[in-house]
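Just so you know, ligand 1 is whichever comes first in the structure, and atom 1 is the first atom listed for that ligand. Numbering starts at 1 and runs along the sequence shown.
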Amino acid sequence: LAGRDGVRQWAEEMDAQVSQRFELERDMRIGLEHSPEQFVLYYQPLIDLQTRQVRGVEALLRWQHPQRGLIGPDLFIPVAELTGLIVPLGRRALDGACRQLQQWQSEGLALEFVSVNLSPLQFSGEDLQCSVAETLANSGLAPEALVLEITESALMTDVQKSLDTLHVLKRMGVRLALDDFGTGYSSLSHLRSFPLDKLKIDRSFMQGVPESRGDSLLLASILELAAGLQLEVVAEGVETEAQLQFLYRHDCAMAQGFLLSRPLPVGQLQAWLAQDGD
Ligand code: C2E
Ligand code: CA
Ligand code: CA
Ligand code: CA
């Protein structure tokens with residue numbers, strides 16, 4: 001569409017986007033206050049590449065919206081970030097994930113950890129340390145069983161403050177993972193100074209591997225770099241057996257991706273764990 005019609009259509013689309021954002025914000029407030037069970041956690045397994053056993057799971061939020069149905073985080077997390085609602089929502093996710101793993105472990109499931117995503121706002125917030133301490137105390141989960149996933153951009157906003165926060169969390173005994181590695185701007189010297197345990201290589205680096213020589217070389221050098229930093233490496237977005245083989249050959253520690261399993265609701269994950277391997 002050209003000219004005036006094009007402009008009008010553009011304006012209408014903008015209106016639709018803005019009103020969708022406000023509707024989601026309103027519904028999120030109402031949901032969080034009156035029926036927080038709308039926000040559910042799915043869990044995606046992380047596999048040890050040496051043993052092919054499940055080591056842990058990543059908790060990923062979904063929103064069972066009363067009218068719209070199941071909504072993915074790519075749609076509502078940005079709204080939650082913009083409005084600050086990510087703080088209560090993230091707190092709920094942290095709490096739910098710790099309770100769930102504690103329950104699984106008490107039922108005898110051999111899951112070593114649960115990973116929880118921290119938004120930049122949560123990470124820089126005053127009460128992060130308290131939230132984490134309270135959550136661990138309330139759930140009874142061992143601190144070592146909790147992995148907090150933080151993105152590069154969240155860490156780089158204020159490097160000195162991030163360092164302080166990470167050290168506080170480390171002293172509490174929780175594990176720290178750098179999420180979406182490779183998509184941000186971190187300098188290597190910074191990465192080296194952060195007390196991180198794991199590095200999660202963004203799934204964009206998995207595409208084209210192993211068919212494309214360039215993509216494969218790039219991934220191999222990232223894996224080598226991570227090994228040099230002495231971090232446990234997780235590859236995200238593993239969709240093919242050939243990619244899994246590639247990672248195994250390049251000494252990657254863990255893999256996560258649709259090849260192994262999609263993120264699943266609690267019941268389905270339990271069923272998957274029961275039929276997988278042993
Ligand atoms: P993320 O932390 O990078 O999570 C991994 C995303 O990759 C998940 O999308 C997962 O479903 C997807 N994924 C896993 N394996 C594959 C694969 O083999 N192929 C492809 N194409 N995708 C794969 P999901 O669940 O839609 O989450 C999207 C993002 O939303 C997450 O990216 C994370 O940034 C954010 N998010 C989810 N839950 C939370 C939460 O509780 N708190 C915060 N702050 N952010 C969250
Ligand atoms: Ca993550
Ligand atoms: Ca990620
Ligand atoms: Ca991501």
Side-chain angles (χ1 to χ4, degrees), residues 28 32 36 38-47 54 56-64 70-101 113-125 128 131-132 135 146-155 175-184 186 196-209 219 222 226 233-244 246-247 252 254-265 268-269 272:
M28 206 180 292
L32 275 169
Q38 286 176 11
F39 300 93
V40 288
L41 289 172
Y42 277 38
Y43 294 90
Q44 187 176 32
L46 281 78
I47 308 296
V54 182
V57 289
E58 177 175 2
L60 294 157
L61 270 172
R62 303 285 181 266
W63 183 6
Q64 189 63 60
L70 199 66
I71 306 182
D74 286 337
L75 197 62
F76 68 86
I77 295 282
V79 178
E81 290 267 3
L82 270 161
T83 55
L85 289 170
I86 190 69
V87 175
L89 187 59
R91 169 102 211 226
R92 215 188 122 70
L94 179 67
D95 211 62
C98 289
R99 285 173 195 279
Q100 184 61 65
L101 181 61
F113 63 83
V114 65
S115 269
V116 179
N117 293 283
L118 279 191
S119 87
L121 215 57
Q122 279 175 289
F123 181 68
S124 61
L128 175 66
S131 303
V132 174
T135 298
L146 175 61
V147 180
L148 297 173
E149 297 196 359
I150 306 152
T151 58
E152 289 181 59
S153 49
L155 291 182
R175 303 280 189 250
L176 303 168
L178 184 66
D179 203 359
D180 300 348
F181 178 65
T183 59
S186 9
L196 298 164
D197 302 285
K198 296 173 203 253
L199 208 71
K200 299 191 75 174
I201 300 179
D202 191 74
R203 71 164 182 267
S204 54
F205 295 99
M206 207 54 64
Q207 287 157 16
V209 175
L219 179 60
I222 292 175
V233 181
V234 183
E236 304 186 303
V238 180
E239 295 185 353
T240 68
E241 188 63 40
Q243 290 172 339
L244 203 65
F246 183 94
L247 293 165
C252 182
M254 279 186 267
Q256 176 180 4
F258 292 170
L259 173 71
L260 304 153
S261 167
R262 289 182 177 259
L264 300 171
Q268 282 181 41
L269 183 85
W272 186 88

Proximity to ligand 1 by part of Leu41, non-hydrogen separation under 4.0 Å: neither

Verdict with reasoning, Ile77 to Asn117, per side chain to side chain contact (heavy atoms under 4.5 Å, CB included): CA-CA 11 Å; Ile77 295 282; Asn117 293 283; over 6 Å; no

Region of Asp202 that comes within reach of ligand 1 [heavy atoms, distance under 4.0 Å]: neither

Structural part of Leu61 in contact with ligand 1, heavy atom criterion under 4.0 angstrom: both

Min heavy-atom dist Met206 to ligand 1 below 4.0 Å: no

Candidate with minimal heavy-atom separation from atom 20 (C) of ligand 1, of Glu239, Arg92, Lys200: Glu239

Side chain, backbone, both or neither: Val238 near ligand 1, heavy atoms under 4.0 Å: backbone

Proximity flag Gly90 to ligand 1, non-hydrogen atoms under 4.0 Å: no

Closest heavy-atom pair and its distance - Val114, Leu101: N-CD2, 3.5 Å

Environment of the Ca ion (ligand 2) in terms of protein N/O/S atoms, cut-off under 3.0 Å: Glu58 OE2, Asn117 OD1, Glu149 OE1, Asp179 OD2

Option whose closest heavy atom lies nearest to atom 45 (N) of ligand 1, chosen from Leu259, Asn117, Thr183: Asn117

Nearest-option assignment for atom 12 (C) of ligand 1, heavy atoms, candidates Glu236, Arg203, Glu81: Arg203

Options Gln207, Glu58, Gln243, Gln44, ranked by nearest heavy atom to atom 10 (C) of ligand 1, top entry: Gln44

Heavy-atom gap Gly237 to ligand 1 smaller than 4.0 Å: yes

Check: Gln100 side chain, Gly96 main-chain N or O, donor-acceptor pair, under 3.5 Å: no

Salt bridge (charged side-chain N to carboxylate O under 4.0 Å, His left out) contacts touching residues 71-93 (sequence neighbours left out): Arg91-Glu134

Glu58 side, atom CD; Leu41 side, atom CG - distance, nearest 0.5 Å: 10.5 Å

Test of proximity, Pro73 against ligand 1: N or O pairs below 3.5 Å: no

